[in-house]
Amino acid sequence: TQLLEQSPQFLSIQEGENLTVYCNSSSVFSSLQWYRQEPGEGPVLLVTVVTGGEVKKLKRLTFQFGDARKDSSLHITAAQPGDTGLYLCAGAQDSNYQLIWGAGTKLIIKP
Amino acid sequence: EAQVTQNPRYLITVTGKKLTVTCSQNMNHEYMSWYRQDPGLGLRQIYYSMNVEVTDKGDVPEGYKVSRKEKRNFPLILESPSPNQTSLYFCASSLSLSITGELFFGEGSRLTVL
């Protein structure tokens, strides 16, 4: 079974701090997506990374795809309470395009 | 407004009483999928459909059925629900399945089986 492991599982920090969430696997992925899920809602796509080493920025969020396309990270600068949510990574492989999901990182930003 | 609509949002039922969770999308998407979300386990795929009349099992299909008679609808059927099917269910759709395809999710259906 191919796994995507996310760490940490849970993170609670103060507003203004920086943080990094990791998504790791022993498998190679053609692409990796990050979704954010808020309570009572479905996940919403934040970004898709496709090329090894690719870095994408979305305001204070920086996403990186590992050179070998086996891992990814999400870095948040100066976290805000609005960043609170469950962050999910999902990888796709050429073989069947079905997404393989990480278990998620629950992030709480305290004012 | 482009959206995926699930009903019901909340349901409490008893073991063995058949139920259907409906899912409808208005984006003319080919691909639709059902997931269940349980604490610490993330999203697990139950069934998916690449197009009308084409459905396939995901990772956890036991105890569930689906159908895709129309492009916009993809109902999830629990013929004889059991307590281990208590979970949060999400329907999702995508224009097509590709390595960059974006999944659009419904708001979820929280099911409790007593």
Side-chain angles (χ1 to χ4, degrees), chain A residues 1-10 21-25 27-52 54 56 58 63 65 69 72 85-106, chain B residues 1-10 21 23-25 27 29-51 54-61 87-110:
Chain A
T1 304
Q2 295 142 341
L3 292 174
L4 265 177
E5 294 186 4
Q6 285 190 242
S7 60
Q9 289 184 319
F10 179 78
V21 175
Y22 299 93
C23 179
N24 295 305
S25 177
S27 301
V28 175
F29 291 98
S30 304
S31 69
L32 202 130
Q33 297 181 330
W34 286 92
Y35 289 77
R36 179 168 66 205
Q37 182 181 8
E38 298 185 21
E41 298 182 10
V44 175
L45 180 67
L46 295 174
V47 77
T48 301
V49 285
V50 179
T51 307
E54 183 176 3
K56 280 191 174 179
L58 191 67
F63 304 85
F65 202 11
R69 292 185 290 133
S72 181
L86 179 68
Y87 288 80
L88 296 159
C89 66
Q93 297 183 308
D94 282 337
S95 55
N96 63 7
Y97 301 154
Q98 295 299 326
L99 288 175
I100 296 168
W101 292 85
T105 294
K106 186 171 184 179
Chain B
E1 180 188 354
Q3 59 186 1
V4 178
T5 304
Q6 296 179 227
N7 279 297
R9 294 287 314 278
Y10 301 92
V21 186
C23 174
S24 180
Q25 50 91 6
M27 296 170 279
H29 284 173
E30 290 186 349
Y31 178 83
M32 296 186 75
S33 180
W34 275 103
Y35 291 92
R36 61 179 289 173
Q37 186 175 40
D38 302 288
L41 297 179
L43 287 167
R44 293 183 292 167
Q45 190 177 51
I46 302 171
Y47 270 94
Y48 65 95
S49 171
M50 300 289 279
N51 214 324
V54 180
T55 62
D56 273 302
K57 294 178 181 179
D59 298 319
V60 288
S87 187
L88 179 58
Y89 292 86
F90 286 100
C91 179
S93 72
S94 182
L95 186 60
S96 64
L97 200 55
S98 71
I99 62 169
T100 58
E102 176 179 0
L103 273 177
F104 293 84
F105 285 84
E107 292 183 305
S109 296
R110 186 168 290 281

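Letters A, B, ... mirror the listed sequences (proteins, then strands); counts begin at 1.
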Measure distances from [X] to the heavy atoms of chain A and classify the residue's part below 4.5 Å as side chain, backbone, both or neither.
X: B:R9; value: side chain
X: B:F104; value: neither
X: B:Q6; value: neither

Considering all heavy atoms of both residues, which atom of B:Y48 and which atom of A:Q98 are nearest to each other, and what is their separation?
CE1-NE2, 3.1 Å
Nearest heavy-atom contact between B:L103 and A:W101 is CD1-CZ2, 3.8 Å
Count the heavy atoms belonging to other residues, nucleotides or ligands that lie under 6.0 Å from [atom1] of [X], then report whether that count exceeds 12.
X: A:K56; atom1: NZ; answer: yes
X: A:E5; atom1: CD; answer: no
X: B:E102; atom1: CD; answer: yes

If you apply the rule side chain to side chain contact (heavy atoms under 4.5 Å, CB included), what do you find for B:L43 with A:Q37, and how did you get there?
CA-CA 11 Å; B:L43 287 167; A:Q37 182 181 8; 5.7 Å; no
With rounding to the nearest 0.5 Å, note down the distance linking CZ in B:R44 to CD1 in A:I100.
15.0 Å
Closest-packed option against chain B by number of heavy-atom pairs under 4.5 Å, given A:G40, A:G104, A:G102:
A:G40
What option among A:A103, A:G91, A:A90 has the most heavy-atom pairs under 4.5 Å with chain B?
A:A103
Please check if the side chain of A:E41 supplies one atom and the backbone of B:F105 the other of a donor-acceptor pair under 3.5 Å.
no
